J.: 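Got a structure for you, written out below as structure tokens; questions coming shortly.
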Amino acid sequence: MMDALGSKYLSVFKSIDEEPMAVNNHRGLPLSTNDEGLKKGTTVGEGALREVAASILDHPKGECRSVSGLHKGFNHPDGVKQKIGSLQMFMENYGSCEDMGPSSFPVDEEQKISVLNIRMTNIL
């Protein structure tokens, strides 16, 4: 989602029904036949819910919850324009951690990333 001028990205909305292998995924990936996601042990349509759950664990008294979004670009055969998903602040990509090396990050920050990956089921 962009700012009012359309010149700067502000956030990313991830709709639960447009996740990979979900019924309205816009990448044309095959539908899951057993509800399993791209990663073994994950369920199609639960990625946004895991992201919201991780945010609640990190900010238990905050206001972050799942959101409902409206947008003309949502992918749905019946023209539905309101969807449930997760909303995240957009961050510029400065490269892959693998390219920077472990010495670029403080140990406590690496530990935070590890905990987040476990919570998000970011498995190899």
Side-chain angles (χ1 to χ4, degrees):
M1 298 182 170
M2 304 191 75
D3 65 6
L5 299 175
S7 60
K8 180 180 176 186
Y9 288 104
L10 300 176
S11 62
V12 177
F13 179 77
K14 293 184 178 181
S15 171
I16 61 173
D17 71 328
E18 292 187 34
E19 290 182 6
M21 301 179 78
V23 66
N24 292 314
N25 79 79
H26 57 279
R27 295 184 182 160
L29 294 171
L31 296 181
S32 175
T33 58
N34 60 2
D35 289 333
E36 187 167 76
L38 284 176
K39 297 177 183 177
K40 188 171 180 68
T42 63
T43 301
V44 172
E46 290 186 355
L49 301 177
R50 287 193 312 271
E51 291 168 357
V52 170
S55 179
I56 290 170
L57 288 170
D58 286 341
H59 308 283
K61 295 182 181 181
E63 295 299 317
C64 180
R65 301 293 182 258
S66 63
V67 296
S68 174
L70 294 165
H71 194 276
K72 63 182 178 183
F74 284 153
N75 186 35
H76 195 280
D78 298 328
V80 171
K81 299 299 176 203
Q82 182 173 355
K83 296 191 175 197
I84 295 173
S86 67
L87 183 68
Q88 301 157 18
M89 181 172 61
F90 178 80
M91 300 295 292
E92 291 288 335
N93 179 356
Y94 295 107
S96 171
C97 293
E98 289 85 7
D99 295 337
M100 297 175 193
S103 62
S104 301
F105 305 98
V107 172
D108 63 328
E109 293 300 317
E110 289 182 28
Q111 292 170 344
K112 289 178 187 177
I113 291 169
S114 296
V115 170
L116 176 65
N117 281 334
I118 292 167
R119 289 177 176 169
M120 302 297 298
T121 320
N122 284 341
I123 51 182
L124 299 174

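For the single chain, residues carry numbers from 1 onward in sequence order. On a predicted model such as this, the values are computed, not experimentally measured, just so you know.
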J.: By side chain to side chain contact (heavy atoms under 4.5 Å, CB included), which residues pair with Asn34, not counting sequence neighbours?
T.: Ser32, Glu36
J.: Is any side-chain heavy atom of Asn25 closer than 4.5 Å to one of Leu31?
T.: yes
J.: Please name the pair of heavy atoms, one in Met2 and one in Gly6, separated by the smallest distance, quoted to 0.1 Å.
T.: CE-O, 3.2 Å
J.: Verify, without hydrogens or angle tests, whether Glu19 (side chain) and Gly45 (backbone) share a donor-acceptor contact under 3.5 angstrom.
T.: yes
J.: State, to 0.1 Å, how close Phe105 and Glu110 come at their nearest heavy-atom pair, and which atoms those are.
T.: O-OE2, 3.3 Å
J.: How far does NZ of Lys83 sit from CG of Asn24, to the nearest 0.5 angstrom?
T.: 4.5 Å
J.: What distance separates Leu10 CG from Met1 CE, expressed to the nearest 0.5 Å?
T.: 10.0 Å
J.: If you look at every heavy atom in Pro20 and Arg27, which pair is closest and at what distance?
T.: CG-NH1, 4.3 Å
J.: Which pair of non-hydrogen atoms, one from Leu87 and one from Ser11, has the smallest distance, and what is that distance?
T.: CD1-OG, 3.6 Å
J.: Going by salt bridge (charged side-chain N to carboxylate O under 4.0 Å, His left out), name the residues that satisfy it together with Glu109, two or more places apart in sequence or in a different chain.
T.: Lys112
J.: Between Ser86 and Ala48, what is the shortest heavy-atom contact and its length?
T.: N-CB, 3.6 Å
J.: If you take all heavy atoms of Phe90 and Val12, which pair is closest and at what distance?
T.: CD1-CG2, 4.0 Å
J.: Atom NZ in Lys8, atom CD in Glu92: separation rounded to 0.5 Å?
T.: 8.5 Å
J.: Who are the side chain to side chain contact (heavy atoms under 4.5 Å, CB included) partners of Thr43, not counting sequence neighbours?
T.: Asp35, Glu46
J.: Tell me whether Tyr9 at atom OH has more than 12 heavy atoms from other residues, nucleotides or ligands lying less than 6.0 Å away.
T.: no
